[in-house]
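Quick note on labels: first sequence line is chain A, next is B, and so on, each numbered from 1.
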Protein chains: 2
Amino acid sequence: METLPGKTVERLSQYRRRLLNSLDDGKEYIFSHELAEILNITAVQVRRDLMLLGYSSVYRKGYPVRKLIEVIGKRLDSSKGQNVAIVGMGNLGTALTYYLSGLRPKLHVVASFDIDPGKIGTTVEGVKCYSVSEMKETIKSKNISIGVMTVPQASAKEVAKELVNNGIKGIFNFTHIPLTVPPDVYLEEYDMLTSLEKVAYFVKEFASLRK
Amino acid sequence: METLPGKTVERLSQYRRRLLNSLDDGKEYIFSHELAEILNITAVQVRRDLMLLGYSSVYRKGYPVRKLIEVIGKRLDSSKGQNVAIVGMGNLGTALTYYLSGLRPKLHVVASFDIDPGKIGTTVEGVKCYSVSEMKETIKSKNISIGVMTVPQASAKEVAKELVNNGIKGIFNFTHIPLTVPPDVYLEEYDMLTSLEKVAYFVKEFASLRK
DNA sequence: ATTTTAATGTGAAATAATTAACAAATTTAA
DNA sequence: TTAAATTTGTTAATTATTTCACATTAAAAT
Ligand SMILES: NC(=O)c1ccc[n+]([C@@H]2O[C@H](COP(=O)([O-])OP(=O)(O)OC[C@H]3O[C@@H](n4cnc5c(N)ncnc54)[C@H](O)[C@@H]3O)[C@@H](O)[C@H]2O)c1
Ligand SMILES: NC(=O)c1ccc[n+]([C@@H]2O[C@H](COP(=O)([O-])OP(=O)(O)OC[C@H]3O[C@@H](n4cnc5c(N)ncnc54)[C@H](O)[C@@H]3O)[C@@H](O)[C@H]2O)c1
């Protein structure tokens with residue numbers, strides 16, 4: 001089965017979230033244009049993404065919500081579930097731990113790491129913090145494949161290397177240090193400052209266009 | 001002057017960050033391929049972005065770092081600076097306030113808003129928290145043009161409407177609720193869960209390709 | 001039953017973003 | 001001082017992503 005484009009994966013994740021909401025509202029079927037409107041995109045985009053999924057609705061009374069959620073899950077999720085570690089339990093790491101815990105049934109935050117002795121051994125939302133020196137064993141014993149990096153910029157490269165060396169296969173990097181990883185490790189970088197600067201730029205730009 | 005594509009703006013923000021680092025390291029000139037390597041992109045991409053900036057380096061011993069930082073700033077930043085408010089001082093809002101305060105000389109976090117009486121009146125990194133009922137006056141008096149939304153999902157739409165009504169021109173939305181805003185308001189949405197699900201998908205996918 | 005209406009799935013077209021290719025210019029090496 | 005090597009800016013080509021356009025088909029209306 002074909003690997004989906006990243007953009008499609010992102011939208012499928014969003015579709016599922018909206019579908020879960022719709023289900024809560026008691027909705028059984030949903031039209032492509034309804035889903036599109038919720039997300040401020042076009043109905044064709046929705047249909048094309050679902051086409052890539054290989055799912056087709058047969059009836060023209062919309063897509064069966066429950067079934068669609070299931071189909072998206074089959075494609076996006078790992079059936080056995082995947083385990084995640086938060087690396088760096090500072091402000092952002094702690095916020096993320098609260099936030100992600102229990103959020104998705106197939107994504108489990110099972111550990112966190114830090115070097116601060118004041119953090120090691122503590123627990124946030126049932127997630128225990130380990131010393132980075134215990135990383136190797138912990139990743140192995142808890143079968144962790146994904147690391148969320150919220151460490152200071154200065155340690156970013158070193159931490160990334162260590163994660164990779166210890167078998168992590170996906171890194172979600174919140175530090176603003178661009179990382180390089182081997183081709184078999186998936187790297188997602190997110191830079192909030194860049195996004196904020198983008199907002200600022202367009203606000204400025206819109207303002208000057210109005211004049 | 002032409003409005004830059006969003007992607008280019010993002011990269012310019014990144015270039016500037018790297019250039020500031022280079023400057024700290026005492027580097028006076030930098031080649032397009034050096035900048036590219038740091039960011040894991042191609043040198044052509046860098047040159048093309050700088051071309052859109054309208055800046056050309058004349059000499060072939062690289063771009064003068066200091067000058068380039070200045071040129072990027074001239075294009076991206078508002079000369080007078082822009083003021084930002086954090087809306088929703090929970091886990092994420094608080095982390096962001098610490099993080100963003102003083103980070104960029106032209107972006108000032110000057111206020112935060114909440115409805116929790118326990119939060120109103122408190123100060124984080126010199127940023128005072130106001131009641132949402134004081135939003136109108138505060139936005140006006142402090143000349144706030146950008147709002148960072150870190151409120152619970154349930155209040156997202158209502159808060160966005162209020163921000164827009166009170167004159168905010170840019171919204172950076174961290175809730176996972178897709179928002180609709182008038183065309184003169186710039187909206188940037190960021191959904192961490194979607195990014196994490198994307199990482200998870202590709203980790204799963206890479207694993208199955210290896211088999 | 002027909003007819004009309006409304007949705008879907010998808011090839012083809014359009015648009016956006018990236019990369020290749022290379023002439024022009026400058027630096028460095030000889 | 002000349003030749004070789006680098007680096008830049010930019011046009012053209014390529015690739016990725018989105019939208020258009022429409023045939024097909026189910027559902028609703030007549
Ligand atoms: N706070 C935010 O809202 C925010 C937003 C965007 C990006 N970031 C980035 O996220 C990162 C963390 O930000 P923060 O505000 O949470 O910082 P923080 O200082 O609050 O937290 C960093 C944590 O990492 C730990 N740490 C330090 N070195 C480590 C190592 N080698 N291994 C493991 N843990 C280590 C520290 O003990 C601390 O607990 C930074 O790189 C920052 O640029 C933060
Ligand atoms: N915590 C994270 O790491 C994280 C990550 C991604 C997305 N988010 C999203 O960010 C938002 C905030 O998350 P959080 O973990 O910080 O939640 P939180 O509950 O810790 O904080 C929410 C804050 O908003 C305030 N609030 C509630 N209603 C409000 C209103 N109408 N106006 C102003 N303030 C109001 C609350 O008093 C509280 O202080 C949520 O939508 C969440 O989905 C959080």
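Summarising the geometry, the separation between CG on A/Leu52 and C1' on D/dA16 is reported as 12 Å, rounded to the nearest angstrom. Between the P atom of D/dA16 and the CG atom of A/Asp49 lies a distance of 16 Å, rounded to the nearest Å. A/Met51 places its CE atom 15 Å from the P atom of D/dT19, with the value rounded to the nearest Å. The interatomic distance linking B/Tyr63 (OH) with D/dT6 (P) rounds to 18 Å, in whole Å.
For the salt bridge (charged side-chain N to carboxylate O under 4.0 Å, His left out) condition, the pairs that include at least one residue of residues 45-55 of chain B, sequence neighbours left out, are B/Arg11-B/Asp49. Applying the salt bridge (charged side-chain N to carboxylate O under 4.0 Å, His left out) rule to pairs touching residues 154-181 of chain A yields A/Lys169-A/Asp184, sequence neighbours excluded.
The side chain of A/Gln45 contributes an N or O atom lying less than 4.0 Å from OP1 or OP2 of D/dT19.
Of the residues in residues 29-43 of chain B, B/Phe31, B/Ser32, B/His33 come within less than 4.0 Å of DNA chain D through at least one heavy atom, sorted by number.
Taken to the nearest 0.5 Å, the CG atom of B/Asp77 stands 4.0 Å off from the CZ atom of B/Arg16. Taken from CZ in B/Phe31 to NZ in B/Lys61, the straight-line distance is 9.5 Å, to the nearest 0.5 Å.
Remark: the backbone N or O of B/Asp116 is paired with a side-chain donor or acceptor of B/Asp114 at under 3.5 angstrom. Using a distance-only test at 3.5 Å, with no hydrogens or angles considered, a donor-acceptor pair links the side chain of B/Ser208 to the main chain of B/Glu205. Between the side chain of B/Asn173 and the backbone N or O of B/Pro178 there is no donor-acceptor pair closer than 3.5 Å. Judged by distance alone, the side chain of A/Tyr15 and the main-chain N or O of A/Leu68 form no donor-acceptor pair under 3.5 Å.
The side chain to side chain contact (heavy atoms under 4.5 Å, CB included) search around A/Ser112 returns A/Ile86, A/Met89, A/Val127, A/Cys129, not counting sequence neighbours.
For DNA chain C, the span of nucleotides reached by chain B at under 4.0 Å from its heavy atoms goes, 5' to 3', from C/dT18 to C/dT27.
Side-chain atoms of B/Arg47 and base atoms of D/dT7 include no donor and acceptor less than 3.5 Å apart. At a cut-off of 3.5 angstrom, counting only N and O atoms as typed in the model, there is no donor on one side facing an acceptor on the other between the side-chain of A/Arg11 and the base of D/dT17.
Along DNA chain D, the nucleotide nearest to A/Lys7 and the one nearest to A/Lys61 differ in position, and the one closer to the 5' end is contacted by A/Lys7.
A donor-acceptor contact closer than 3.5 angstrom links the side chains of B/Glu197 and A/Ser13.
Note on the helix from C/dA1-D/dT30 to C/dA30-D/dT1: angle between the axes of the first and last five pairs equals 10°, rounded to 10 degrees.
Salt bridge present: B/Glu70 and B/Lys74 bring a charged side-chain N and a carboxylate O closer than 4.0 Å.
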